[in-house]
Structure formats: structure tokens, C-alpha cells
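We name chains A, B, ... by the order of the sequence lines, and we start the count at 1 in each one. Quick note: numbers below take in every heavy atom, side chains included, and nothing from hydrogens, waters or symmetry partners.
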Number of protein chains: 2
Amino acid sequence: MKKVSLKDIAAAVGVSTALVSYVLNNKKEGRISKAVTEKIRAAAIAMNYRTNQIARSLKTNKTNTIGLILADIANPFSAALARVIEDAADKYNYTVIFGSSDENPEKYRKILDALINRQADGLILSPPEHAEAQVKDLQQQQIPFVLIDRYFPGIDTSYVVLDNYKASFEATAHLIAAGYKRIGMINYASSLFHLQERSRGYQAALTNNKISVKKNYLQLVHASNIKEETEAAVENFLSGPAPVEALLFGSNIIAMHAVKYINHKKLKVPADIALVCFDETDAFDLFYAPLTCIKQPVKKMGELAVELLLENIKDSHVKIKQLTLDGELIVRASTI
Amino acid sequence: MKKVSLKDIAAAVGVSTALVSYVLNNKKEGRISKAVTEKIRAAAIAMNYRTNQIARSLKTNKTNTIGLILADIANPFSAALARVIEDAADKYNYTVIFGSSDENPEKYRKILDALINRQADGLILSPPEHAEAQVKDLQQQQIPFVLIDRYFPGIDTSYVVLDNYKASFEATAHLIAAGYKRIGMINYASSLFHLQERSRGYQAALTNNKISVKKNYLQLVHASNIKEETEAAVENFLSGPAPVEALLFGSNIIAMHAVKYINHKKLKVPADIALVCFDETDAFDLFYAPLTCIKQPVKKMGELAVELLLENIKDSHVKIKQLTLDGELIVRASTI
DNA sequence: CTGAAAGCGCTTACAG
DNA sequence: CTGAAAGCGCTTACAG
């Protein structure tokens, strides 16, 4: 069964395709006779006509499509972002095409290519490490895009991110204020700026409070081997003459593995060890000591990213906007 | 900066666009002189040419795109499915466009329309209640699609789903075998077949074991008011002369609310009450009594759905396939 | 080995 | 108020 086209309707009604197009798109309203308008509309419905967006896109050079690349759609943080972006895009009649990079530059580039080839009108991206060149490429090609969650400080692009330094600083300060002195952090070993900011905020809070920053109090783990390295890090923190009293985790995934291990070691939270983590997950809601965490303004991040992007799509000469949003420290039982 | 087209390359090299197309698509290999081939490839790279998929799609009538509608991408079960489908699609060079229906028929229809207008080659769908007519429509329009997670028993379509009856039966039987007699279930009040199957499996397991099915032992809650109604249901189960000894939950969301409430009431699991739930979420990993649950074969479901769909896209006369997969009961501390 | 040409289904400036 | 026509960027059957 062949799909019905404008031409079919035009033939059925006995007018030109131009007229059908005008009527169905509500162009030239009032300048087309009512009788013809009605007939065309009726025929379109009767024949179950649906616009071929591909054809329209080719002509108009607009697809009404936003390409989205996140780290991993199965991660609650990414999924929440995807959801918000989907809803925001829908409000403006845009559809989302997505892909998960898995923090892998090769994969990222592959998805990026696919999105560009599909003529996405704009892109919302969480680039992985080593993607600087590709971001610059995008700029050069004048493809509208907004970075989300992370950015490259050396490259002047629009972005919407958390103030990771501040969030980390505040979380650490909270631990200090609660009386903890030996505070460790487990973070990703990554060149990504937003992750480094988390480490930097942690360290600054310590020095700021005249607590010497012991070098081995910041342990870095690789995403590729996250469980083993996180467990080793926890082990490290707990052994030795001056075990840590509190821990800050650089992400929900790290926290998950660490808490499971801490649980397994029969340590009591917060009596034996206090805990704070980045990201909110309901994974911790049922833990006997729900984790104090840094809640990211996911809704706002997603909505702003879409808005910035659409401004950019509309007018390519719009100024670059860089938005750094505040996190919110949600204090719960793990640090009281 | 205008995007470069085949024409531009043709002009630069001094050949026809046809030739450029052949070379770049590796058609007519060996039948084009090596010199020209090289020149064209070099120019394409030098000019940073990228295929305009929209134009290609218009001509070939293929977009290499799969439309995906799930209930809510922010729900871990949906997110996991989305991820698997994305990966499977990618293997075959397909890209995914998605939307969340929120179990809302209007929203579902809107997303469906958008996906069809965008000429998705095929669709993977989790239809909400009352979407029968739209499913039939799809069949009539001969649009390739595969249902996932749920289907309408009255309509003969391809699908990949869990054997919900069996899973629920086994979960209940497990509770019975563990010695529980007064077993309740909280499920969604929904006309969706897969959810009703869960209730049916529960009831069958009881009667099968000569346990009378007390009517109020199956409590139904509405998704729109899930927290309140779930808490009321739990309250109901616990009050009265014969409080329930064990509970089966029809979904991860229901379980989440119920467990929080049970926790809040200071009941001990499983001493005071044993628990089993559908779906696996790491939300329960940190609970002191990790929940026994029915694990859905998400990976397999997603992969099979993509494979069925692609068969269908390739050959529209391919037979309808209906796959019902087994869940796996993962026994953990909540029922021991 | 290569090219001219038609056509996918739309939109839209132009003409009447 | 309406239509003829060009063209978006590709692919591909056909001809030479």
C-alpha cells in the first residue's frame, strides 16, 4: 500500500499540489476559497494523509530534530536528563534522537556523525574525554550545539553544567562542620574538567579549614574497572594507623560500589564512617542511613540546554551562553 | 558556510554527481577507474563531505531509523530496555528516535505520529491502555512494528514479552514453599494484559496450593496516585485480625513505595513480612534485606525486538512472531 | 568506464 | 484566488 502524497490529494480534489500544501500548512489563510480549503482538508483526512517529514526537511533544511549524546542512557542521571530534554524538546515540537557514548571517544564520534548526517537541527552533548577536536570541529562547521554536564575550559562554547567545585566544596565543608577531620574522597581518574573540579572543591574545603590535605586521601578510580578499584580504595582508606572518618564520592556509581563494600565489611554509617555523594539516586533511599548527597538541578539543566540550543538554531549569531548552576546539598542520615 | 554536496565534489573533481555517488557508496566497484576513484575520495575528505541522509532517505525510502516508545525513559526498566535496543539497533546501523508515553494514550498517539511522519523504518512500542485502535491502524498501514513488554491479546501482532503469568505464579509459589500462608499482592489497576497476568498468576498459585484466595488480598493501585494508594494498601494488609505475612509487588515502583512505608512503620523484613517484587532495581541492593525479585530478561527482550523488527522491515510478508520469555526468580534476603 | 536525466515528496517565489 | 515550475541532495536505471 503506497503512502498517500500531496499529489494524490491534489489529483483527488482536482487542484495543484501547491494549493494542497498551502491549505495543510495553514499558509495564505483567507486567500484560498473556503470551498476548496474544506475539500482539501476532507480529502486529506479521508485518505489518511501524513506529511512526509523527510521530504519537507529536504526542502526546508530543517528536521525539527535534536541529537542527544549522553554517557549512558541506563545510568539514572543520564536517564533523568534524557527525560527532561525530551519533554522540553516536545514543547517546541522537536523530537530527540539519542545515543550513549559510554565515555568512549570512538563511539561518541560515531554517534555524532550519525546525528549530523541525519541533519539534526542541533545537538546537546556530554562529550567524553579527548573530544576537544570534535567540539572544535562542530564550531567550525557552525552546527548549533550546547554541552551539558561538562565542558572543555579551553574551548569557548555554550554549556549548562553544575558548579562542581562549589558543590564539592560545600559537601566537604558540611563534613568538616559536622566534626569530621579525616575526610577522604573517591573520584574518577579522568581528565574531564567537571570531575577535576570535584576533586579541587574537596581539597579547597580542607585547606580552607586548615586541614592538611593528605595526598592519599584522594583516591582515583577508573570507570573501566570501577568495582574493584573502588573497593580497593575503600580498603585503603580504612586500613593503616589513621583510617578515614568520612568519605565523599564523585558519582552515584562510585557511591554504589563503595557503600555495598562498606556494608559488606559491617561498618556502621555514620558511626564508623560518614558518607556524602554526588547525584541523587533512589538506590540509597532504602539504605538504613540514606546518603547525604549533592542533588543536581537536572530539570533546570535539561530545560536550559534545550532553550539555549533553540536560540542558537534560530539565530546562529546568538551569543555563547555558559550557565553554571548550583547543586543542592541534601543532608540525610549518613552524615548526622 | 554551506554544506558540501555531491555536486560540489563532482564540480571540484570534474565528473558527474552519479560517479561521486557510486564511488562514495562503493557501488560498481572495479568498474570505475582507480584514478577517478582516488580523486573523488580525496576530494570528499578534503572538503569534509558528509552524506545528507535526509536526501538519501527521500530517494531510497529508507531512513535507517527505529522509532521507540516506552512508558518513561526515566524508569530504570524502560531505561535498561532503551539502552539494549540502542545497542542492538546500532549493530545493524540503525539509529533510535524515542519518546515516553507516560502511559497516556494521547501522548502516545502524538509520539507515534511524529515517528511515522519522520518515516521511521519500523517501530518498537510499549503501548498504553486503550491503544488497541492505533495498533490496528499500524497493521492496516503496513508499518513494521514489534510490541515490547506488553501486547493486546485480541490483536495478532509480533511481540516480545515476559511470561508474566508464569513469573507471578512462581514468585507466589516460592512464598508458599517458604511457609507463608497469608500472601497479599499489590498490583496496578489497569486493563493492560501483562499486568492482569501478574494478578492471575498470583491467584492461580494460591488456588493451586489449596490456599483460598481472599478477595482483599489483591489490592489494586492507580499509577496516577501511586504513593498514597500503595501506602493505603499496605496499611490495609497489616491491619485487621489476619494481617498478611508476605507481599508480592506488581512493579518496581510499587515496591519502592511499599518498602519505604514498611520501613517507616518499623516492620522487619522478612521477620514481620516477606517481600517479592517484579523487576530488578539496584534501589534494593542496599536495603538491609535485599528483595527477592523477578528479573526480566531485558537484554534478550530488546535484542529480539530489534531482530524481529528488522526481519519485518526487510520483508513485510514475514510471519508474525510472538515471543514470551521466562523471567528469573532471584531469591534474596527478603524471603528467607 | 562514465554521464545525462528522472524522480523521491515536499515548499515557495513568481506569475497571472 | 490558483497553478506551473524550480529545486532541496541524493540514487539509479539507462544509454553509450
Side-chain angles (χ1 to χ4, degrees), chain A residues 1-41 43-44 47-65 114 116-121 141, chain B residues 1-41 43-44 47-65 114 116-121 141:
Chain A
M1 196 165 46
K2 186 114 175 18
K3 279 174 190 161
V4 347
S5 69
L6 284 189
K7 216 158 106 186
D8 299 323
I9 297 180
V13 178
V15 294
S16 71
T17 60
L19 211 47
V20 179
S21 172
Y22 288 136
V23 168
L24 264 25
N25 290 305
N26 301 310
K27 297 275 169 82
K28 305 214 185 188
E29 285 194 86
R31 314 223 273 112
I32 298 170
S33 74
K34 208 143 187 201
V36 176
T37 301
E38 305 274 271
K39 266 208 280 188
I40 290 174
R41 285 201 201 290
M47 299 168 76
N48 193 23
Y49 172 74
R50 341 186 56 129
T51 307
N52 182 328
Q53 285 287 356
I54 295 292
R56 173 184 283 170
S57 292
L58 181 60
K59 182 67 191 166
T60 61
N61 213 16
K62 289 220 5 134
T63 54
N64 270 265
T65 277
I116 295 173
N117 291 349
R118 277 180 171 70
Q119 313 294 120
D121 292 335
Q141 298 181 243
Chain B
M1 192 166 48
K2 188 120 171 13
K3 280 175 188 159
V4 349
S5 69
L6 284 189
K7 217 158 105 184
D8 299 323
I9 296 180
V13 178
V15 294
S16 70
T17 59
L19 210 47
V20 179
S21 172
Y22 289 135
V23 168
L24 264 26
N25 290 305
N26 302 310
K27 299 274 169 83
K28 305 213 184 189
E29 286 195 84
R31 314 225 272 111
I32 298 170
S33 74
K34 207 140 189 206
V36 176
T37 301
E38 305 272 272
K39 266 208 281 189
I40 290 174
R41 286 201 200 290
M47 301 169 75
N48 193 24
Y49 171 75
R50 341 186 57 127
T51 307
N52 182 329
Q53 285 286 355
I54 294 291
R56 173 184 283 170
S57 292
L58 181 59
K59 182 68 190 168
T60 61
N61 213 16
K62 290 223 4 139
T63 54
N64 271 263
T65 277
I116 295 174
N117 291 349
R118 278 182 170 70
Q119 314 294 119
D121 292 335
Q141 297 181 246

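Across all strands, A:Asn61 comes closer than 4.0 Å to no nucleic acid atom at all (heavy-atom distances). Within 4.0 Å (heavy atoms only), B:Ser5 reaches sugar-phosphate atoms of the nucleic acid but no base atom. Residue contacts for B:Arg31: at a heavy-atom cut-off of 4.0 Å it reaches a base atom on one of the strands shown. Across all strands, A:Thr60 comes closer than 4.0 Å only to sugar-phosphate atoms, never to a base (heavy-atom distances).
In this structure, B:Leu24 and B:Ile40 have side chains that are in contact, with non-hydrogen atoms separated by less than 4.5 Å.
Between B:Lys27 and D:dT12, a side-chain N or O to OP1/OP2 separation shorter than 4.0 Å is present. Note on A:Tyr22: every side-chain N or O is 4.0 Å or more away from OP1 and OP2 of C:dA13. Between A:Ser21 and the phosphate of C:dT11, there is a side-chain N or O to OP1/OP2 separation shorter than 4.0 Å. At the phosphate of D:dT2, OP1 or OP2 sits under 4.0 Å from a side-chain N or O atom of A:Ser33. Not one side-chain nitrogen or oxygen of A:Asn52 sits closer than 4.0 Å to the OP1 or OP2 atom of C:dC8.
The separation between B:Lys39 atom NZ and C:dC1 atom P is 15 Å, rounded to whole Å. Computed from coordinates, the A:Gln119 CD to C:dC10 P distance equals 19 Å when rounded to whole Å. As rounded to whole Å, 15 Å separates atom P of D:dC10 from atom NZ of A:Lys59. At whole-Å resolution of the value, CD in A:Gln53 and C1' in C:dC10 are 10 Å apart. As a whole-Å value, the separation of B:Lys7 NZ from C:dG3 P is 16 Å. Whole-Å rounding puts the A:Lys34 NZ to D:dT2 P distance at 14 Å. When rounded to the nearest whole Å, the span between NZ of A:Lys62 and C1' of C:dC10 equals 16 Å. Counting to the nearest Å, the C1' atom of D:dC1 and the CD atom of A:Glu38 are 16 Å from each other.
C:dA13 makes up no base pair with any nucleotide shown, lacking Watson-Crick or G-U wobble contacts both under 3.5 Å. With a 3.5 Å ceiling on both atom-pair distances, D:dA4 lacks any Watson-Crick or G-U wobble partner.
Between A:Leu19 and A:Ile54, it is A:Ile54 whose nearest contact on DNA chain C lies nearer the 5' terminus. Of the residues near DNA chain C, B:Val36 and A:Leu58, the one whose nearest nucleotide (by heavy atom distance) lies more toward the 5' end is B:Val36.
With C:dC10, D:dG3, C:dT2 as the candidates, the nucleotide lying closest to the side chain of A:Ser16 is D:dG3. Closest to the B:Val15 side chain, of the nucleotides D:dG9, C:dG3, C:dG9, is C:dG3.
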Show your reasoning for whether side chain to side chain contact (heavy atoms under 4.5 Å, CB included) applies to B:Asn52 and B:Lys3. CA-CA 9 Å; B:Asn52 182 329; B:Lys3 280 175 188 159; over 6 Å; no
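Residues A:Asn25 and A:Arg56 bring a donor and an acceptor atom of their side chains to less than 3.5 Å of each other. For the residue pair B:Thr65 and B:Asp121, no side-chain donor N or O sits within less than 3.5 Å of a side-chain acceptor on the partner.
Side-chain N/O atoms of B:Lys3 and base N/O atoms of D:dG9 include no donor-acceptor pair closer than 3.5 Å.
Here the options are B:Val13, B:Val15, B:Thr37, B:Ile9, the test is side chain to side chain contact (heavy atoms under 4.5 Å, CB included), and the partner is B:Val23; only B:Thr37 passes.
Around the NZ atom of A:Lys7, the shell of radius 6.0 Å holds no more than 12 heavy atoms that belong to other residues, nucleotides or ligands.
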